[in-house]
Amino acid sequence: MSRVYNFSAGPATMPLPVLEEIQAELLDYKGSGMSVMEMSHRSKVFQTIIDEAEQDLRDLMNIPDNYKVLFIQGGATLEFSMIPMNLCKNGVFDYIVTGAWSKKAATEAKKFGKVNIIASSEDRNYSYIPDCSDLPVDDNADYVYICENETIHGTTFQKLPNTKGKVLVSDQSSMFLSKPCNVSDYGIIYGGVQKNVGPAGLAIVIIREDLIREDVADNVPVYLRFDTHAKNDSLYNTPNCWAIYVCGKVFKYLKSLGGLSAMNEINKKKAAVLYDFLDQSKMFKGTVDKEVRSLMNVPFVTGSAEMDAEVVAATKAAGFDNLKGHKSVGGLRASIYNAMPIEGVEALVEFLKKYEEEHA
Ligand SMILES: *Cc1c(COP(=O)(O)O)cnc(C)c1O
């Protein structure tokens, strides 16, 4: 067996101890005589899996009792439409657009009401976060929407926007569980899990109970109603049992490491290894304003598309995979989620240092 350092933006690297546990339980889960992927979602065994997963997530994030945790299929993208469909009261939605994902979400919301882009960083290719302390929040806005960590552009909010009393909705897909989070600051926190937690095909939605409405429009499909999932404890239909099981393992693993404060310390230290290198490098340069750069997704460039491609090829040959940047930013991108060991980042920096010396 040989595993590479996988810097993919998602689906992304998983903690090795979790993969090993899953491997050990694959054929016979805790004496049930079957794999989790073979068992009924109505079975006692699976009920314990999903209950424990929810409880461990609640413990990790200190989720207050007036918030529901929902496990919904369709990934983060389905939430782009579920959110406006379910939160629509006045039909006015305020979006802060700081990158590709918030832009996509805003575009989708237009199908369900009037979308105001109340702030945007598009003018500098989303390399910064606009000042969100005094935005023209619409009096009728049903919510204010952000993508808290833009996976492609590599920015992250250091301070939540002033929503002037309106409900804050945050896409945390690429930063989920990477640091402590004060859930009460939000109406909805959600994320696709394949960036920082588990396998693809599952979104976790943490939603304040008063936002789970029964008076949503009649034509909203039953599966796309939050109240459907809330009333049935995420078991209205067959959920993504496998992903819920794996996420549950990751929650336990994060708890064993000391929870989200500990993860934040690890992540800060890990990202600093790469940013410190980029800050002094003459060949490589980060693409994001320093004060808002992400601890999870680190885009950087050489300034020449040709050289970028050469570096990507060289890294791959050396056992560092998936470093090619997204086409909208170019260059390289290292996604260094919770599960990327600091040794992986140190080894990458060593490699880039040597590459720079040899090609100076
Ligand atoms: C990856 C990603 C998405 C899309 O997730 P899917 O599960 O593929 O739908 C949405 N938002 C952010 C911030 C992401 O990183």
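Note that these values count all heavy atoms, side chains included, but never hydrogens, waters or copies made by symmetry. Counting starts at 1 for both ligands and their atoms, following the listed order. We number each residue from 1, following the sequence as shown. All values derive from a computational prediction rather than experimental measurement.
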With no hydrogens and no angle check, do the side chains of D59 and Q55 hold a donor and an acceptor under 3.5 Å apart?
yes
Is it true that the side chains of E25 and Y245 contain a donor and an acceptor less than 3.5 Å apart?
yes
For the pair D142 (side chain) and G91 (backbone), establish whether a donor and an acceptor sit closer than 3.5 Å, ignoring hydrogens and angles.
yes
Is the ring centre of H229 less than 6.0 Å from the ring centre of Y223?
yes
Any idea which part of T77 is under 4.0 Å from ligand 1, heavy-atom wise: side chain, backbone, both or neither?
both
With a 3.5 Å distance limit and no angle check, can you tell me whether N116 reaches the backbone of D138 through a side-chain donor-acceptor pair?
no
A student checking ligand 1 against T151 at a 4.0 Å heavy-atom cut-off should list atoms 12 (C), 13 (C), 14 (C), 15 (O)
For atom 11 (N) of ligand 1, which protein heavy atom lies nearest, and how many Å away is it?
D171 OD2, 2.6 Å
Pick, from Y190, F80, W101, the option with the minimum heavy-atom distance to atom 4 (C) of ligand 1.
W101
protein heavy-atom neighbour closest to atom 1 (C) of ligand 1 works out as K195 NZ, 1.4 Å
Can you tell which part of Q194 has a heavy atom less than 4.0 Å from ligand 1: side chain, backbone, both or neither?
side chain
Under 4.0 Å, heavy atoms only, figure out whether ligand 1 is touched by the backbone of S173, its side chain, both or neither.
side chain
Taking a cutoff of less than 4.0 Å between a non-hydrogen atom of the residue and any ligand atom, is G10 in contact with ligand 1?
no
Check if E79 has a non-hydrogen atom at a distance under 4.0 Å from any atom of ligand 1.
no
For ligand 1, note which part of F176 has a heavy atom under 4.0 Å away: side chain, backbone, both or neither.
neither
Looking at F93 versus F112, is the centre-to-centre ring distance below 6.0 Å?
no
What part of K104, side chain from CB on, backbone N/CA/C/O, both or neither, has a heavy atom under 4.0 Å from ligand 1?
neither
Parallel, tilted or perpendicular for Y145 and F80, by the 30°/60° rule?
perpendicular
Could you check whether S328 and H326, counting side-chain N and O atoms only, form a donor-acceptor pair closer than 3.5 Å?
yes
Give the residue and atom name of whichever protein heavy atom lies nearest to atom 5 (O) of ligand 1, and the separation in Å to one decimal.
A76 CB, 3.4 Å
Give a yes or no on whether a salt bridge exists between D94 and K166, defined as a side-chain N under 4.0 angstrom from a carboxylate O.
no
Would you say C147 and ligand 1 have an N/O pair spaced under 3.5 Å apart?
no
Can you find an N or O of N149 that's nearer than 3.5 Å to an N or O of ligand 1?
no
